[in-house]
Amino acid sequence: LPGTFPVLGLLRIGLVILTAWLLKYTVLGRSIYALGGSQVAAVRVGFNIFATRLFVYAFMGFISGFASVVHTALVQSAIPNSIVGRELDIIAAVVVGGASITGGSGSILGTCLGVALLAMLGNGLTLIGMSSYWNNVMVGLVLLVGVTMSAVQRNLQAKRRVTNLDGAAMMARPAHQRGTSSGMPLA
Amino acid sequence: MRRFLYSHRDLIALTSVLIGVAAIMLLLNPERFLTLNNLRSMAFQLPEVGILTLAMMVTMLHGGINLAVLGTAI
């Protein structure tokens, strides 16, 4: 298949590998995760919050520069407001990919899968013959489902953790007091 | 193995949804979805949103959000 794969795709693959390496194998990437998980904990561990935050936004600008090169190569002209309004697509792809909005969790692979899902959905709907106005509706629907599922999952996890703590506290008591809280003698 | 499946259950769910969407599209439009031209046009459109998504993901991982990513890009 020579000539079918675009050069821009190679650029994207290179950037994905760069970001994945950065997030997984450098102290800086780990500190980004730590900062997203809990800022207080990251400060107490000793990460430099200011440097990390500066790097994050600078890195975002760096990658946005590549994206603008790609966009200019695609449309072959520089229109200042040609992709304004696509933020929803981008945020939907990130959230569907499993990243939490409050930070601290998410992966490169999930994000790539989210992008592929949204692209396939839009393309397929256009091919079926739906009006392209419905494309935004589908993106919003996918975003809603993704956010709801992650929230429900987090609630379930929190509940499970609480019940586990209850069980551990009950087992930690002396044997003759164990049954008193649940009303059922154990031993 | 079970531990691996459990720790990657989000990715597995996402992959199955992706395969399901692809199957539905293939059922609804079998003669045009899986053609070389369509795949090529998808491969041309993907990198733009994909690269912007990388930028947004790093920002969201660290706990913030930057809605000016498109403004920075252009």
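Chain letters run A, B, ... following the sequence lines, proteins first and then strands; every chain starts at 1. All heavy atoms count here, side chains included; hydrogens, waters and symmetry mates do not.
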Rounding to 0.5 Å, atoms CG (B:Leu54) and CZ (A:Phe62) come to a distance of 11.0 Å
Note to self: Using the rule that Ile, Leu, Val, Met, Phe, Trp and Tyr join whenever any side-chain heavy atoms are under 4.5 Å apart, tell me whether A:Val27 and B:Leu61 fall into a single cluster.
What the structure shows: no
Interatomic distance, OG@A:Ser107 vs CE@B:Met57, rounded to 0.5 Å, equals 7.5 Å
- Task: Would you kindly confirm whether B:Leu46 and A:Met138 end up in one hydrophobic cluster when ILVMFWY residues are joined by side chain heavy atoms under 4.5 Å apart?
- Result: no
Under a 4.5 Å heavy-atom criterion, the part of residues 115-126 of chain A in contact with chain B comprises A:Val115, A:Ala116, A:Leu117, A:Ala119, A:Met120, A:Leu121, A:Asn123, A:Gly124, A:Leu125
The interface call for A:Leu15 against chain B, heavy-atom contacts under 4.5 Å, is both
So, the part of B:Leu28 with a heavy atom under 4.5 Å from chain A: the answer is side chain
Against chain B, residues from residues 43-58 of chain A with at least one heavy atom under 4.5 Å, in numeric order, are A:Arg53, A:Val56, A:Tyr57
- Task: Decide whether B:Val17 and B:Met25 are clustered together by the hydrophobic rule: side chain heavy atoms of Ile, Leu, Val, Met, Phe, Trp, Tyr closer than 4.5 Å, transitively.
- Result: yes
Answer key: most heavy-atom pairs under 4.5 Å with chain B among A:Val94, A:Ile91, A:Leu109 is A:Val94
task = Tell me whether A:Leu18 is reachable from B:Ile51 by hopping between hydrophobic residues (I, L, V, M, F, W, Y) whose side-chain heavy atoms are closer than 4.5 Å.
result = yes
Nearest heavy-atom approach of A:Ser64 to B:Ala55 is OG-CB, 4.1 Å
Full working for side chain to side chain contact (heavy atoms under 4.5 Å, CB included) between B:Val58 and A:Met60
CA-CA 7 Å; B:Val58 175; A:Met60 195 220 70; over 6 Å; no
Point to revise | Hydrophobic cluster membership, A:Val152 vs A:Val95, 4.5 Å side-chain cutoff | key: no
Using side-chain heavy atoms (C-beta onward) and a distance below 4.5 Å, is B:Met56 in contact with A:Thr111? no
Practice item. Please tell me if the side chains of B:Thr53 and A:Asp89 come closer than 4.5 Å, counting only heavy atoms from C-beta onward. Key: no
